[in-house]
Each structure stands twice: as structure tokens, then as C-alpha cells.
Amino acid sequence: MTTLKTSWDVLIIGSGISSLTAATVLARQGKSVCILEKYRKPGGYMHCFNRYGHRFDTGAHYVGAASPGQPFHNLLTYLGVYDDSMFVELDRDGFDVMAFPSFEVKFKTGVENTIQSLTEIFPDEKEAIHKYFHLIHDVAAAFPTYEFDDQFDSSTVMEYMETPLSDIVEKLTENKKLRAVFYSYCSLHGVNPGDVGFGLHALVTDSLLQSAWGFKDGGDPLTQKFLGVLKSYGAEIHLSTEVTGFEIENGLVKTVQTKNEQQYTAEWIISGAHPKATFSWVGDGNLKPALKNRLSSIKESCGIFGIYAICENPPHELLKKNNFYVFDSEDDEDFKSALSPKDNILGAYISCTNRGQTAKTTTPLTIHAPVNFKKFECFTETEIFKRPQEYYDLKNEIALNILSLVKKRFPSLNILKFETSSPLSNIHYNGSIEGSSYGIYHSISATGVRALGPRTRIRNLLLTGQSTLFPGLFPSAISGLRTAGNIIGIKPLIRELKNIKTKSQV
Amino acid sequence: MNRESIVTAVNESLVDGFEIPPEKLTPNATLFEDLELDSLDAVDMMVYLEEKLSIKVDANEFKDVRSLEQVYDLVQKMSSNLEH
Ligand SMILES: Cc1cc2nc3c(=O)[nH]c(=O)nc-3n(C[C@H](O)[C@H](O)[C@H](O)COP(=O)(O)OP(=O)(O)OC[C@H]3O[C@@H](n4cnc5c(N)ncnc54)[C@H](O)[C@@H]3O)c2cc1C
């Protein structure tokens, strides 16, 4: 009879990219590592699913800075999980097309190319466009875990993490349409322009302008690559193992309890689950009132509604290696509250999952749009697949609204059938709080120096994941690196990454 | 806000938010030694004061604060910035 090993150097809760990164860094340093994942599949938002004979992605559509020598590429190479065959470079001449009601702009690979692309649409705004993108680049480059440099300018990082995006944009230009263009990437971090630190927005924007890559076969192959590397170091992953609580003794997590009634012990516990869930396992009695107050005042990012559609002979434009953002307004004021959606849908994001494959008569398309969780709140207690008819009616109504926005740009789009996901799917599959897609709402008051984690008051408990740094696959992976660095020292890790960068530049 | 109301508000926050006995809250008290706070508490304290006193603290300046007196000074500066 084999007995389950339940005592480890490091236990990691969750198997999203942040947890997998932390696990890999620690396992290769000789730590014994075990990952506990509540879902039956690993990968968190990297996991894919099949419908109508096609693969669809959940939260891994495209990534930035993944060309050789660029930050995400360097990180994946360092982790031993980079594989050329997983990625496909998106159209350098327009990887993102932003379609506004009366005009369209293309974001192109390379800062100067995007500047030129926007200047063609806004010739009188040349100076503002130039200044904006150069500031984006300079600020992003100041982050130590972006360029992997242990010498960095902390005052620039701090200043721009505290300055709202809209403050900078409103000083640069009066042009409302151009402001809307600058705000269009807010959907990638989920924070309104008045609340997000310019630094966060700069990282998201700059990484895509460096290079934009789609996943050829979704995020699953990357997860599998991580698991292969972890296995080679003797690490384990226990799936369908939901953590339900901690036993705390003398300021330390003594045991980790799971729903299937296992008890695990480890020298270190890293939680990649939502921080609010993690602190609930710590228990109220072990938290100071100030932290409890802070946790209850941290808002969640909005939920995202998903449509997974099969289309017949889709327009050629949608089959290029690009993404379309279709917006219903070009007034910057509408963009200021776009990510606290009420009823109307301001924008939808469309990507074709068959990146780079030859066109077939039917093609899968994924369409996402931010949606208000409040609409779904009344169904939270209902069980998945057994929800009341009203829930399905609501989903259908929202889907039709989103599709009517998409049809304004693509009137001939012929959707044969579709399925949908709601913020409740995020709760079920990812343990998200309030159906949020990007974890906490990453406003200035919850990021930078004010962010939660990685350290906690419980001395052997560390946090990782998008809620502790920034949303997105690359930032979440960085959060995993940083959390691991809290155990084995971050500076040597950054130096190793810097070496990889230098080698790839030779 | 005048100095007296700032002292009262900051002290109340430390008692309520960090369970520090009121008698320990003298202006010369050092945060890390006398009040036994640590760097994690310092962040919680900054966020807590921001919320309770409706101010925005300059994180860069807050990281150099060592004594309670310096907390009062910084809060005073931030709240007068708001009033101008
Ligand atoms: C619709 C959508 C589209 C996106 N598109 C992109 C994109 O194109 N590019 C990009 O870079 N980013 C994208 N993102 C963001 C990106 O997917 C996330 O930022 C990133 O994957 C988060 O990783 P993580 O490790 O923090 O958490 P997650 O991936 O959420 O992983 C957390 C894991 O913890 C597990 N867990 C939770 N509770 C427990 C428990 N109690 N016990 C055990 N395990 C538990 C969950 O099951 C999950 O596996 C998208 C997100 C969404 C929602």
C-alpha cells in the first residue's frame, strides 16, 4: 500500500502560473515541494476546455515581451518551460485592433510603429502620442522585475505607482478620442483610468508593444511543461484537493487541512489562492483589526462574461493573427467607469483561438466583456449545472447584448452556436471572490507599497498570485518568482535572470 | 485638522487597529521598538490612517517615519495639503 506523503519543505496552494513558478524556482533549489489544487485540472486560468469539438481558452489568450531576449521569454527560459512550439507571434503590423464607432487604430509591434500608427489617425496629436508612449516605456523599464536588474530606480517606480493614469493622460491631451485610445488597455488589468497607477498600465502596454504572442494550443501545454519540469525535481501535485483551513500555532501554520480530510505539514506554505480566502483560513483571531479592516475594504475586480462561439466563414480580418477590441463609445468619460460596469457593455474583446492555423469553414471565437457581478449575485448559492432558468435567461440576454455590439463591427458574422461563462464560473473553477477575473481591484490603494503579501503576519505563510502584484500571466509569474525569493533570496534569482538576458543579447 | 485632533485621531487608530494600549502612545514612542510594530504593520497603518482620516499618505515619506511624533507630522502635512 502506498501512503500519501504529507510533509514537505514547501506546500503551495493552487496551480495557477504564479504557484507553478514559485514551485519550479524552489524545487530546482532542492526544496521538496507539493502543490494542492482544488480543481481536477491544473493551471488555474491557463486551463482550456473543449466544446463543439474545438478548444477554447479561459485566461490565456496572448502575452507580451515573449520574443527571445525579452523579459517573459527570459523568465520562461530560466524556469526551463519555454518551448517555441507553444507560441505564435501575432501580426506585428497590428496585433490589436481597437475599433471605435467612428475610427480604428492598430497597435503594432515596436513603440515607434505604434506611435506612427496612431499619428496617422491623430496627426495634430503627434507630440502627445510620442510623449505618452515614451513615458510608458521609460516607466516600465524602471521596474526591477521587468528588466531583471538588481540596480533600479525605486523613486520612479514609486512615483508612477502613485500617479493615476488619467492624471497623466489628461495633461497630455484634450482630445477625448485619443484619451479613449490610451485607456483601451485598461480592460487588460481591469482598473479604471482614474484608479490605476500609471506604472501598472505602463507595464501592460509596454510588454505588448515589445512583442505580442498568442498561445498556439492554449495555455494547457505551458502548464504541462511546468508539471514535467516539476516532476523531474521530485515535486508532486495533488489535484481535486481543496484547502479548507489552517491550524495555527505560535504564529505559524502547523497543518493545512483539505476538503478530502487530509492534513499536510510543511516548513513553508505559499498560497496562490485569493488573499481573502487565505486570510479566512488564518482565522479572525490571528489578524489585527487594521488588517481585517483593510481586507474588507479591498474591492474585487469586475467579472468577465465569456462567449465561446462557433462561426461559419468568419470575416477574413478575424482570422489574421490579431485581437479585436470593439467599443461602443469613443468618449473618454465612458472609459473612466468602464470597469465598474453597470448595465451597458462598453467593449468586447474578440480573439480567434485557432491562431495561425489554416482557415476552416467553421472557426471557434472567444468573446469577452466586463460584466457587473451584482447581476449574478443572487445565484451564488445555486449549484453549477443546476442553476435556475432565470440564470440561463440572464446569460442569454447579456450574450445577445455583447453579440449585437460585435455585429456593429462585423455585420456579416454568422454564429452557428455558442456557450457562455459568467462570473459564477470563475468562482466555481478558480475559487475567485465575487466572480472577479483579475483578483483584487488593482487600484493605487491596493498595489505598490500598499499591496498585500508576499509576507504575512503568520511567519511561515507567504502569498503569491495576481492579487499580490498585478494581473496577467507574466506579472503573476513574477509574483511567484518574488514569493520564492522570499524563501531563498531574491537577488541571486534576479542576477541569474540578468545573465540569461545578457547571454541572449550576445 | 489641528494638531490636537490629529493626535487624537492617530492614537485612536492605533488603539483600534493595532490593539496598542493607550498609555504607550507618547509622541517619542518609536514604532518598531516601543510600540512593537513591524514593517507589515507599517503598511497596514498607512492604509488604515488613509481610510480613517480620508487622507492620501505619500508612501515615499511614510517609509522613513520612525516615531509617533513623525506620524503626527506627516498626517498634518498631508491633511493640510488636502485643505489647500
Ligand atoms: C477571461 C480572462 C482572460 C484573460 N486573458 C489574459 C491574457 O490573454 N493574457 C494574460 O497575460 N492574462 C490574461 N488573463 C489574466 C491571467 O489569466 C491571470 O492574471 C493569471 O492567470 C493569474 O494567475 P494566478 O496564479 O494568480 O491565479 P489563478 O490562475 O487564478 O490560479 C489560482 C489557483 O488556485 C486554485 N485554488 C483556489 N482556491 C483553492 C483552494 N482552496 N485550494 C486549492 N486550490 C485553490 C484555483 O483552482 C486555481 O487553480 C485573463 C484572465 C481572465 C479571467
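These numbers come from a predicted model, not from an experiment. Reminder, nothing fancy here: chain letters follow the sequence lines and each chain counts from 1.
For the atom pair B:Leu40 CG and A:Arg457 CZ, the distance stands at 5.0 Å (nearest 0.5 Å). Residue A:Lys292 holds its NZ atom at 12.0 Å from CG of B:Asp44, rounded to the nearest 0.5 Å. The NZ atom of B:Lys52 lies 4.5 Å from the CG atom of A:Asn293; values are rounded to the nearest 0.5 Å.
Salt-bridge formation is detected for the pair B:Asp41/A:Lys288: a Lys NZ or Arg NE/NH1/NH2 atom is positioned less than 4.0 Å from an Asp or Glu carboxylate oxygen.
Chain B is approached within less than 4.5 Å, heavy atom to heavy atom, by no residue from residues 268-282 of chain A. For residues 294-302 of chain A, the interface with chain B (any heavy-atom pair closer than 4.5 Å) comprises A:Arg294, A:Ser297, sorted by residue number. Contacts with chain B (heavy atom to heavy atom, under 4.5 Å) involve these residues of residues 446-453 of chain A, listed by number: A:Val449, A:Arg450.
A 6.0 Å sphere centred on NZ of A:Lys336 holds more than 12 heavy atoms belonging to other residues, nucleotides or ligands. Environment of CD in B:Glu19: crowded, with over 12 heavy atoms of neighbouring residues, nucleotides or ligands closer than 6.0 Å.
Remark: B:Glu61 pairs with B:Lys77 by the salt bridge (charged side-chain N to carboxylate O under 4.0 Å, His left out) rule, at least two apart or across chains.
Looking at heavy atoms from C-beta onward, A:Glu162 lies out of side-chain contact with B:Asn60 at the 4.5 angstrom threshold.
Shown here for B:Gly17 and A:Pro289, the closest heavy-atom pair between the two residues is O-CD, 3.3 Å.
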